[in-house]
Amino acid sequence: MNKIRVRFAPSPTGYLHIGGARTALFNWLFAKKNGGAFILRIEDTDEARSTDESIRAIIESMQWLGLNWDEGPKIEDRGQRTEVRGQGTEVRGQRTEVRGQKTGDREKTHPPPLISQLSSLNSHLSPLTSHPSTLNSQLGSYGPYFQMERLDIYKKYAKQLISNGKAYYCYCTPEELKTMREEQQSKKLPPKYDGRCRNRGVRTDGGGQNAVIRFKMPREGKIAFDDIVRGHLEFENTLLDDFVILKASGVPTYNFACTIDDKLMEISHVIRGDDHLSNTPRQIHLYNALNWELPQFAHLSMILGPDGSRLSKRHGHTSVLEYKNDGYLNVALINYLALLGWSTSDSQQIFELDELLNKFSLEKCSKSPAIFDIQKLQWLNMEYLKKLSAEEIYKKSIPFITNAALPMDNPGLIIKILRTEKEKIKLLSDVPNIIDFFVLNDVKYESSALEKVLKDENADKILRDLLPIFENCNDFSKVLLEKSVRNFCELNGIKTSRAFHPVRVAVSGRMYGPGLFDLLELLGKQKVVERIAKFLSEYLEYGEEDKS
RNA sequence: GGCCCCAUUGUCUAGUGGACCAGGACGUAGCCCUCUCAAGGCUAAAACACGGGUUCGAAUCCCGUUGGGGCCA
């Protein structure tokens, strides 16, 4: 059996979105599970809409998710063009031609030394990448493939098709095509190219400058293939027209470039979104015309927004990096993505990566589209957060703490706080709010909390009585503190909650947080005493006067 | 407009002719725990799109309808 080789082939016309990431993940899982290769190919032939920013975002997203690719042109070969495609046109054609002819030559793909400039991209290596199966992959050693660097290859095959009589030059002008379309529409016929240039031959008068190359589509019969997730599929050839494979600019169209690359890169399984299902017959005709063996196809169902329509910006966050910035863990996103359109017979929900690799199969992918549900992602995120130690959570939340401009001079304290509070964290971005009143000098009092305390007219007296107890407490430990405060409540016949709540609000400014005595111990005697005193003078005396 | 794909609770799904008055998970509601907020534990409500067949028997197979999605323009 041939080696398993798969690819993820995004167009760099926007950020890597959730649907794309899921496709990438399934490809990656399939490759890793079967000891195959996973390739990243940037389909940047839509020159108007492709941007370097998108390429950067795609790469960063893939790396954050730990979906590293196994080969590609070496970074050294690309000179300055490391993580993004560059300008070095003169080298492009030659080198890529070489790659194109020597795709069988896999020795080239042994990892060269890491390039330092790219290793920075690896700084937030996910736990995923420490999985043994991914260790061999050197993130950043290889750039992905870029189709715009392979133009000569497509040209070569387009010419080959012409000389074999499977394709032809088309000299139709835009006006001509427009008229044709209008005529067809007026006759209620489906608009498609009628093939009028099929027999015009090659023009030599120089008027052929703007010629495109069209594929000669068979005009009868049908094409059939077996899709791993969809089963047997058939399409009528008459419905397909002589589509353009190479534009006048020399840039290939999607179906053509994709087919050529899949073949040259020896892709064994084309795993992609459902939206490409209708493109598949065209591509199969191309394979046939070139006498190439077909890969296996697997079309994954789409991921939709909450309203059941195609996932788009108006559904809120759709880009992978937005989830990173929101404080989701890569492992949680991976797990969630895996659950969208794939499942095991026992409906298992949480999968460690090795488990996922072990159990994943294309056959168990569902045919129906899936709606993205952020709630479940959040739940999974929490589950994964629970597995982390306070130290690990701290490390991962540093960017969020920094971003909130909180002092970072006492990591030990933050870790201690996280130890008591970690099961409440839904997102890494929750961390600043959980720790801020510990590490900041001033307490921000939430109005709802304030209201609640001021409502109890005894709060003032209770706090006044409690203050010396705290002041005189030499061992400011939660056990002792709890004993003292409970003791105080009992002696004075006060319900504990009537004492606990004012203290909590006075020192933290809010009604929620750690257990009161954990809170006090973590805060320390000095801050507790200072804050209660300040609270008494700033809020409660005023409250007294107000009442009288 | 043509063609293609899809259809189990609000959501992700299990289910491949009898073990299904449909199982798991998220979410929702209630209760318990409790100094607060969470977490946790327990319980509950909630689905086979519709209509025809086939069959002793259908969520499961076939046809149609409806709905959703995609591709080509």
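Here is how names work: the chains are called A, B, and so on, in the same order as the sequence lines, proteins then strands, and each is numbered from 1. These figures come from a predicted structure and were not determined experimentally.
Heavy atoms of Phe235(A) sit under 4.0 angstrom from primed sugar atoms or phosphate atoms, though from no base atom. At the heavy-atom level, Ser301(A) lies nowhere under 4.0 Å from the strands shown. If you check every strand for non-hydrogen atoms under 4.0 Å, Lys192(A) touches nothing. Using a 4.0 Å heavy-atom distance criterion, Pro306(A) is classed as making no nucleic acid contact. Here Gln375(A) lies in heavy-atom contact (under 4.0 Å) with sugar-phosphate atoms only. Among the atoms of the strands shown, only primed sugar atoms or phosphate atoms (P, OP1, OP2) are found under 4.0 Å from some heavy atom of Leu239(A). Residue contacts for Gly273(A): at a heavy-atom cut-off of 4.0 Å it reaches no nucleic acid atom on any strand shown. Across all strands, Gly308(A) comes closer than 4.0 Å only to sugar-phosphate atoms, never to a base (heavy-atom distances).
A search for side chain to side chain contact (heavy atoms under 4.5 Å, CB included) contacts involving Asp518(A) returns Thr420(A), Lys478(A), Pro514(A), not counting sequence neighbours. Every salt bridge (charged side-chain N to carboxylate O under 4.0 Å, His left out) that Glu234(A) has, sequence neighbours left out, goes to Lys222(A).
In this structure, CH2 of Trp379(A) is placed 8 Å from P of rG27(B), rounded to the nearest angstrom. When the P atom of rG24(B) is taken as reference, atom CG of Asp346(A) falls 13 Å away, rounded to whole Å. Put simply, CD1 on Ile350(A) is 13 Å from C1' on rG24(B), counting in whole angstrom units. The interatomic distance linking Met382(A) (CE) with rA39(B) (P) rounds to 5 Å, in whole Å.
Listed pair Arg310(A) / rC71(B) meets the phosphate criterion, a side-chain N or O lying under 4.0 Å from OP1 or OP2. Taking 4.0 angstrom as the limit, Ser345(A) places a side-chain polar atom (N or O) nearer than this to OP1 or OP2 of rG15(B). Within the structure, every side-chain polar atom (N or O) of Lys364(A) is placed at least 4.0 Å from both OP1 and OP2 of rU13(B). Look at Ser343(A) and you'll find a side-chain N or O under 4.0 angstrom from OP1 or OP2 of rA14(B). At the phosphate of rG70(B), neither OP1 nor OP2 sits under 4.0 Å from any side-chain N or O atom of Ser278(A).
Between the side chains of Asp274(A) and His299(A), no donor-acceptor pair of N or O atoms lies under 3.5 Å.
Nucleotides rC72(B) and rU54(B) are separated by 42 Å at their P atoms, to the nearest Å. On the P atoms, rA25(B) is 38 Å away from rU66(B), given to the nearest whole Å. One P atom belongs to rC48(B), the other to rA7(B), and the distance between them is 16 Å to the nearest Å. For the P atoms, the distance linking rU9(B) with rA47(B) amounts to 9 Å, nearest Å. The C1' atoms of rG1(B) and rC56(B) are separated by 47 Å, rounded to the nearest whole Å. Spacing between rG24(B) and rU8(B) at atom C1', rounded to whole Å, works out to 13 Å. Going from the C1' atom of rA73(B) to that of rC50(B) covers 33 Å, rounded to whole Å. When the C1' atom is used for both rA46(B) and rC37(B), the distance is 29 Å, rounded to whole Å.
The partner of rC35(B) is absent, by the rule that a Watson-Crick or G-U pair needs both atom distances under 3.5 Å. When Watson-Crick and G-U wobble pairs are counted only if both distances are under 3.5 Å, rC72(B) pairs with rG1(B). In a base pair of the Watson-Crick type (N1 to N3 plus N6-O4 or O6-N4) or a G-U wobble (N1-O2 and O6-N3), with each distance short of 3.5 Å, rA7(B) is matched with rU66(B). Base pairing annotation: rC56(B) forms a Watson-Crick or G-U wobble pair with rG18(B), both donor-acceptor distances under 3.5 Å.
Evaluation of the ring-ring contact (aromatic ring centres under 6.0 Å, His included) test over residues 445-482 of chain A, restricted to residues two or more places apart or in two chains, returns Tyr445(A)-Phe535(A), Tyr445(A)-Tyr539(A). Note on residues 9-20 of chain A: pairs passing side-chain hydrogen bond (donor to acceptor under 3.5 Å, both in side chains), not counting sequence neighbours, are Tyr15(A)-Glu53(A). For residues 359-380 of chain A, the salt bridge (Lys or Arg N to Asp or Glu O under 4.0 Å) pairs, not counting sequence neighbours, are Glu355(A)-Lys359(A).
Ion pairing of Asp44(A) with Arg49(A) is absent here, as no side-chain N (NZ or NE/NH1/NH2) approaches a carboxylate O to less than 4.0 Å. Ionic pairing of Lys525(A) and Glu471(A) is not present here: no N-O contact between side-chain nitrogen and carboxylate oxygen is shorter than 4.0 angstrom.
Looking at Leu240(A), Asp241(A), Leu239(A) one by one, the single match for side chain to side chain contact (heavy atoms under 4.5 Å, CB included) with Lys192(A) turns out to be Asp241(A).
Within a heavy-atom distance below 4.0 Å of RNA chain B, the residues of residues 493-511 of chain A found are Phe500(A), His501(A), Arg504(A), Met511(A).
The base of rA7(B) lies outside donor-acceptor range of the side chain of Lys367(A), with no N or O pair under 3.5 Å.
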